[in-house]
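As structure tokens, the structure follows; a few thoughts come after it.
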Amino acid sequence: MDGIRFTLNGREVVYDGSAADRLLDVLRDIYRCTSVKCGCKEGECGACSVLMDGVLYNSCCVAMGAVEGASVVTMEGFRETERFHVLEKAFGEVSAVQCGFCIPGMVLAAEALLSRNPHPTEDDIREGLSGNLCRCTGYNAIVNAVSIAAKEGDGLW
Ligand code: FES
Ligand code: FES
């Protein structure tokens with residue numbers, strides 16, 4: 001086998017390790033994408049969220065063998081987009097960030113939600129973020145931030 005080829009934040013890469021390795025570990029340890037956080041390693045917290053071909057995944061539950069040919073986006077790549085800046089501004093406006101540990105995953109969950117539903121209701125937002133846990137904020141500010149971003153970024157998603 002000549003490695004696992006995939007796109008990471010727009011750049012083609014080849015991973016030479018085992019197909020059984022976790023995407024989470026590979027992103028953090030090999031490619032230094034440290035925005036991808038390790039919370040539980042059991043698919044429960046969403047801190048390790050990434051986009052794979054535009055779909056939100058818990059990278060702790062993805063084996064590298066499943067990544068072949070995929071386009072993986074982490075916060076290191078997403079932060080270069082205009083949509084990120086809309087979300088960043090909205091999160092700042094309503095003070096939706098406390099310790100920040102959950103925020104990369106939350107923002108990617110918001111991106112996944114708004115990409116498939118650009119005009120979400122509050123219930124849609126809560127559902128879209130339901131796989132991402134936050135120990136600090138009580139969620140309301142984050143939900144408000146995503147709602148504001150959907151309005152202020154109308155047309156970007
Ligand atoms: S570290 Fe992957 S879901 Fe918690
Ligand atoms: S801001 Fe601390 S876990 Fe969400």
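All ligand and atom numbering here is 1-based and tracks the order in the structure.
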Contact list for residues 7-18, test side chain to side chain donor-acceptor pair (under 3.5 Å), sequence neighbours left out: N9-T74, Y15-D21

C102 near atom 4 (Fe) of ligand 2 via N/O/S, less than 2.8 Å: yes

Check: residues 44-55 side-chain donor-acceptor pairs under 3.5 Å, at least two apart:
unit_1, atom_1, unit_2, atom_2, d
S49, OG, G46, O, 2.6
S49, OG, N132, ND2, 3.2
D53, OD1, S71, N, 2.9

Report, one line per pair, each donor and acceptor closer than 3.5 Å where one atom sits in a side chain of residues 150-157; sequence neighbours left out.
unit_1, atom_1, unit_2, atom_2, d
K151, NZ, S147, OG, 3.1
D154, OD1, H119, NE2, 2.9
W157, NE1, E111, OE1, 2.7

Flag for E88-H85: side-chain donor and acceptor within less than 3.5 Å: yes

Atom indices of ligand 2 within 4.0 angstrom of C136 heavy atoms, with elements: 1 (S), 2 (Fe), 3 (S)

Cationic N near anionic O, under 4.0 Å, R116 to D124: no

For atom 3 (S) of ligand 2, the protein heavy atom that lies nearest, with its residue and separation: R135 N, 3.3 Å

Any donor-acceptor N/O pair, R5 side chain to A70 backbone, under 3.5 Å: no

Atoms of the protein (N/O/S only) found under 2.8 Å from atom 4 (Fe) of ligand 1: C40 SG, C45 SG

Under 2.8 Å: N/O/S of C134 next to atom 4 (Fe) of ligand 2: yes

Among V26, L24, D25, side-chain contact (heavy atoms from CB on, under 4.5 Å) partner for R28: L24

R83 atom CZ: more than 12 heavy-atom contacts under 6.0 Å: yes

Contacting atoms of ligand 2, where contact means under 4.0 angstrom from a heavy atom of G100: 1 (S), 2 (Fe)

